[in-house]
Amino acid sequence: MIKNYIKIAWRNLKRNKAYAFISVAGLALGITCGILIFTLITYHLSFDNFHKNSDRVYRLYTEWHDDGIGRSHGVPQPLGKTFRNDFTLAEKTARVISFHDNLITITQGNQVKKFKEDNGVAFTEPEYFDILNFPLLKGDKKTVLVKPGEAIVTEKIARKYFGDDNPIGKVIRVDNKVNFTVTGVLKDLPANTDRKQQVYVSYGNMDEYTGSKKREDNWGGVFSGSEVFTLLKPSTTMESANSAMALIVKKHYTGRDLQVWKFKLQPLSDIHFNSDLDGYADKKYLWALFFIGLFLIITACVNFVNLATAQALNRAKEIGVRKVLGSLPHQLFWQFIAETALITFVAVILAIGLSFIALPAINNLFESQMTFKLFQLSVFIMLISVLVVFLSGSYPGLVLARFQPILALKSKLSQKHVGGFSLRRILVVTQFSISQVLIIGAIIIVSQLHYSQTTDLGFNKDAVVLLPIPQQDKAKLSTLRNRINEVQGVEKSSYCYKAPAAQSNNSTDVNFNHRGEDEHWGINTKQGDENFLSTFGMKLVAGRNFFPADTTHEFLVNETFVKKLNLKPQDVIGKMLAIDGKTIKAPIVGVVKDFYNYSFHTEISAICIMPDYRSYSTLAVKINMRNAKTSLAAFEKIWNETFPEELYSYQFLDDSVGKFYEMDNIQLKLVEAFAGIAILIGCLGLYGLVSFMAVRKTKEIGVRKVLGADTMHILWLFGKEFTYLLLIAFVVAAPLAWWAMHNYLQDFKYRITIGPGIFLTSILSTFIIASITVGYRSVMAATANPVKSLRSE
Amino acid sequence: MLSLQHISKYYQVSGLKNFVLNDLSLEIDQGEFVSIMGPSGSGKSSLLNIIGMLDEPSEGYHYFAGHAVHQLKEKQRSALYKQYIGFVFQAYHLIDELTVYENIETPLIYQDFKGAERKAMVADILDRFNIVGKKDLFPAQLSGGQQQLVGIARALIAKPKLLLADEPTGNLNSKQGEEIMELFRKLNKEDGVTIIQVTHSEKNAEYGSRIINLLDGKIESSKQL
Ligand SMILES: Nc1ncnc2c1ncn2[C@@H]1O[C@H](COP(=O)(O)OP(=O)(O)O)[C@@H](O)[C@H]1O
Ligand SMILES: [Mg+2]
C-alpha cells in the first residue's frame with residue numbers, strides 16, 4: 001500500500017512540476033533556517049557544560065550600590081585569597097588575572113620571534129585547573145604553576161611558538177618584563193568555552209609584572225581581568241556563600257563603602273548569557289532567534305498548505321473516481337500524507353545540503369566554530385520532518401478525503417469544498433505579517449546603526465591613527481613625538497591613555513571643592529596631553545585648556561560632570577577636584593562639550609581630562625588622508641626604531657569606534673538574511689496563490705475581455721486582492737514590530753525614534769516585491785487569448 | 001459593413017499547417033441576418049471569432065465599418081470592437097460571482113459610462129427582456145433559457161451594430177430556442193441590428209436572410225432566403 005502511495009505521489013509531483021518546485025523550495029529554505037538556528041542555539045547552550053561538577057562551580061563578582069547599581073565580573077585582588085583562607089565553604093578557589101594583547105617574545109639562539117596574543121596571558125593559581133576541566137597533555141598537574149616563573153600553553157600555541165620542538169623547558173618573555181619557563185602543555189581549548197586564554201603563567205609573578213605590591217592588598221579598586229572561580233562543597237548552598245561574602249565586606253570596608261560594596265556568586269552556567277556582566281549571548285536574543293526559526297518553518301508550512309489545497313481542486317476528478325472505485329476517506333488521507341512526506345523528504349535532503357554550505361558563512365559572521373552534532377541534529381531533523389508532514393499534510397489530506405464523489409466527478413466542486421479562498425487569504429496574511437515584522441526590524445536596526453555612525457560624537461573620529469605606546473619613558477616619548485610631527489601629512493598629535501571613546505574606561509571616586517563627602521557617582525578619567533582637544537576636535541564651553549605638563553596640575557571636565565553637580569559650567573572653573581582617594585588634587589580650568597565616551601548603548605559618563613605621562617598608552621595622530629600611505633609607512637619605521645623590542649600595530653579611530661557595534665552588525669546581518677528568506681518564502685506562496693487564482697478566474701477573465709475589459713482592468717482584479725491582503729498583514733505586523741523593536745532600542749541609551757517613515761518604507765518595499773511576484777503571473781493571465789478560455793466546455 | 005478577403009487560419013501542429021479556415025472570402029452588409037451552418041469542426045466558431053476580432057487570422061484582409069482591421073493596433077481594434085460588437089455564447093459565460101444586474105452592467109463599466117447613465121440603461125433592458133424580477137439573482141439560480149436571455153441582454157446593453165451569436169440555442173430546449181430566435185428577428189427588423197449566428201438547426205437558420213454552409217474551412221454554399 002505504502003509503495004503504491006509513494007508511486008502515485010511521485011507521478012503527481014512529476015506532472016505538476018511548478019507546484020512541486022515551489023513546495024520543495026519553500027520547505028527547504030524554512031528547514032535550512034531551522035537547522036542553522038537549532039545548531040546556533042545548542043552551540044550557545046553548550047558553553048562550559050563540559051566541566052566536572054559544573055553545577056558547583058561559581059565565579060565571584062562585584063556589585064556597587066550607589067546612585068544606581070554597577071557591576072563587574074572582576075573583583076578586588078585579595079578577595080579570592082580571603083575567601084579561601086577565612087572560610088571552608090569551597091573545595092577549591094582560584095584567582096586568575098588576565099591581560100589582553102600581550103607581547104610574547106621568544107629568543108632562540110640569536111633569532112628573536114615576537115607574537116601579539118589577542119586573548120592574552122593569565123596569571124593563574126594552580127587550583128584553576130582542578131575547578132575547570134582543561135586537561136594537561138604534558139607536565140605534572142600537581143606541580144605546574146605552583147612555583148613562580150612557570151608557564152603552560154595550549155598545543156596550538158606551542159606549535160605556533162616552537163614548531164615541532166618540545167615546548168617543555170623553553171622560555172617565553174611577557175611584555176618585555178617577565179620570563180617564564182614552559183612546564184606544561186594543555187589540550188587545545190574546545191570551541192564552546194568563554195575561557196579564551198591560551199597562555200597561563202604563575203600567579204606568583206603578578207607583582208613583578210605590574211611593578212608594585214599594591215594590588216595584592218588593595219580592596220578599593222577592581223580590574224575587570226581579575227577573576228575568582230570557586231568549586232563549592234556539595235553541602236554549601238549559594239546563599240551561605242553569599243552571606244560569607246557579606247562578612248568579608250564587613251571586615252575589609254568602612255564607612256559608606258560598607259553599603260556600596262557587595263560580592264556575589266555567579267553560577268558557571270550563567271556566565272555565557274548574563275549581559276549585565278560579560279555574557280556574550282543574551283538569552284533574549286536566543287529566544288528571538290528561536291521564534292524567527294519557528295516562524296520561518298511555519299511560513300514554509302503555510303505555503304505548502306496553500307499550494308496543496310489550491311492544487312486539490314485540480315485533482316477533484318481523480319479523487320471522485322477513486323471514491324467511486326471504493327477508496328475510503330482515510331486511504332485518501334494517507335495518500336496525501338505520503339505525497340507530503342515525499343516532498344518533505346526531498347526538501348530535508350536539500351536543506352541539509354544548504355546548511356552545510358551556509359554554516360561556514362555563519363561561523364565567519366559570529367567568529368565562532370560551530371559544527372553539526374550528528375546525533376542531536378538527526379533527532380531534530382526527524383522531529384521537524386514529522387512535524388512538517390503533519391502540519392502541512394493533514395489539512396489538505398482531510399479536505400481531499402471529504403470530497404463528495406459525484407460533485408467531484410462533474411467538476412462541480414468549488415471553493416467551498418477546498419476550504420475556500422478565505423483560508424488561503426488568512427495564510428497569505430500570516431506569511432506577510434511575518435515578513436513585514438522582519439523587514440521593519442531590519443530597517444530599524446539599519447537606521448539605528450546609521451545614526452550611531454553619522455551622529456556628531458562630540459569629537460572627530462576621521463583620519464586619526466592610533467599608535468600604541470608600550471613604554472612610558474619621558475625621553476623616548478618626546479623624541480617619538482617630534483619625529484612623528486615631522487612626517488609629511490601629519491596635522492596634529494596627542495599622547496593619551498585612549499581615544500575619547502574607547503572600550504577601556506577607568507572609573508574612580510570624586511571629591512569636589514573640598515566637600516565633606518565624596519560624590520555618589522564615579523568619574524571617568526581620561527589622561528591626555530595639551531593637544532588632546534585639538535587632535536580630536538573637541539570644543540570647550542567654558543574656561544581654557546590646561547597648560548602643557550607631564551603630570552596633573554590642572555583638570556578639564558565635561559558638561560555631564562557639571563550637570564551631575566547641578567551647577568553651571570562657569571561655576572566649576574577654579575574649584576578643586578580630588579580623585580583616586582584624594583591622591584590626585586588639582587583645580588578645574590575648563591569644561592568641554594559632552595562627547596560620547598563609549599557606544600550609544602551606554603550613557604555619557606562624568607569625565608575628567610588631565611595630563612599624566614605614566615598613563616599614556618596611545619599616540620593619536622591626525623593625518624591628511626591624501627598622504628595616508630606614505631605617512632603610515634613612516635610611522636612604522638619611526639616606531640620600530642623607537643621600540644625595537646616591541647611589535648608594531650596601528651588602528652584608525654573610526655574602525656575602533658565601529659567595533660563598538662560589532663554585535664549590532666551581526667544582528668543586522670541575521671535579521672536581513674531572515675527577512676530575505678521570509679520574503680522569498682512568502683513570494684513563493686503568493687505566486688502559488690496567484691496561479692491558483694488565475695486558473696480559477698480564467699473563464700471570468702475571458703468573459704470580461706469579451707465584454708471590453710482591457711489588460712489594466714484585469715490586472716486590477718488581482719491587484720485589488722493583494723493590496724487588500726498586504727494592508728491587513730501590515731495592520732497585524734506593525735504593532736508587533738513596533739513592540740519588538742521598541743524593546744530592542746531600549747538597549748541603546750541614545751537612539752532613534754520609531755517614526756512613520758519606517759513603517760511606510762516597509763509596506764512600500766513589501767508592496768513592490770509582491771507586485772513583481774503577482775505581476776508576472778497576472779499579466780500572463782490578463783493577456784491570454786479569451787477565445788482559448790471560452791471554447792465551449 | 002464587413003468584408004473578409006482570402007482569410008486563412010491555421011495552427012502549426014508539429015511543423016504542419018493545420019488549416020481551420022482556408023482562403024475564405026465573405027461580404028456582409030448592414031442589416032443582414034446571416035446563419036452559419038456546418039458540421040462540427042468545420043471552422044464556424046473560428047470564423048465568428050475572427051469577425052468579432054477576438055482572434056486574428058493567419059493570413060488575409062479584414063475590413064470592418066470602413067477600417068482595415070488587419071492593420072489596426074490592439075488598442076484601436078479594442079475601441080472598434082467595444083463600439084460595434086456584442087457577443088452571445090452557447091455556454092452563456094455569465095460571471096458566476098456577479099448578479100444578473102451586475103453582469104449586464106459590466107460592459108458599460110468598461111466603456112466608461114457614468115453611474116446614472118448605466119443605471120438607466122440596465123433598467124431599460126431588464127424591462128425590455130422582462131427580467132426585472134430576476135435582477136438580484138445569481139446565474140446559478142436561473143434556468144438555461146433565462147441565463148441566455150441575460151447573456152443576450154448583456155450583449156445588447158451597449159447598443160452594438162453587430163451581434164455575433166455562437167450556437168445561442170445549443171443548450172436550450174426547442175421552445176426556449178424559438179423565443180430567442182423571435183427576439184433576434186425583432187432586433188434585426190425593428191432595431192436594424194446586423195446579426196451573424198452559428199447554428200445547427202435548419203429551422204433556426206431560416207430566421208435569417210442568408211445561410212452560409214461551411215465545410216473544412218471553406219464556404220461550401222451560400223443561399224439567400
Ligand atoms: N487553439 C487551437 N489549436 C489547434 N487547433 C484548434 C485550436 N482551436 C480550434 N482548433 C481546431 O480548429 C477546428 C475548427 O474549430 P471550430 O472553429 O471551433 O469548429 P466549429 O465551431 O465549426 O465546431 C477544429 O478542428 C479544432 O480542433
Ligand atoms: Mg463551435
| query | Would the number of heavy atoms belonging to other residues, nucleotides or ligands and lying under 6.0 Å from CZ of B:Phe19 be above 12? | reply | yes

| Set of side-chain hydrogen bond (donor to acceptor under 3.5 Å, both in side chains) partners for B:Glu56, sequence neighbours left out | B:Arg77

| message | How about NZ on B:Lys82, more than 12 heavy atoms from neighbouring residues, nucleotides or ligands closer than 6.0 Å, or not? | response | yes

| query | So which of B:Gly52, B:Pro107, B:Ser78 has the biggest tally of heavy-atom pairs under 4.5 Å with chain A? | reply | B:Pro107

| Does any heavy atom of chain A fall under 4.5 Å from the side chain of B:Leu94, the backbone, both, or neither of them? | backbone

| query | So does B:Asp216 have more than 12 non-hydrogen atoms from other groups sitting under 6.0 Å from CG? | reply | no

| message | Can you confirm whether more than 12 heavy atoms, excluding those of B:Gln12, are under 6.0 Å from its CD atom? | response | yes

| query | Would A:Val703 and B:Phe87 satisfy side-chain contact (heavy atoms from CB on, under 4.5 Å), going step by step from the backbone distance to the final call? | reply | CA-CA 10 Å; A:Val703 174; B:Phe87 237 105; over 6 Å; no

| request: Look up atom CG in B:Asn103 and atom CG in A:Leu707, then write down how far apart they are to the nearest 0.5 Å. | output: 8.0 Å

| note | To the nearest 0.5 Å, atom CG of B:Leu98 lies from atom CD of A:Glu700 at 6.5 Å

| field | Close side-chain approach of B:Ile109 to A:Arg704, heavy-atom, < 4.5 Å | value | no

| task | Can you see which heavy atom on B:Tyr81 is nearest to which on A:Gly708, and at what distance? | result | CE2-N, 4.3 Å

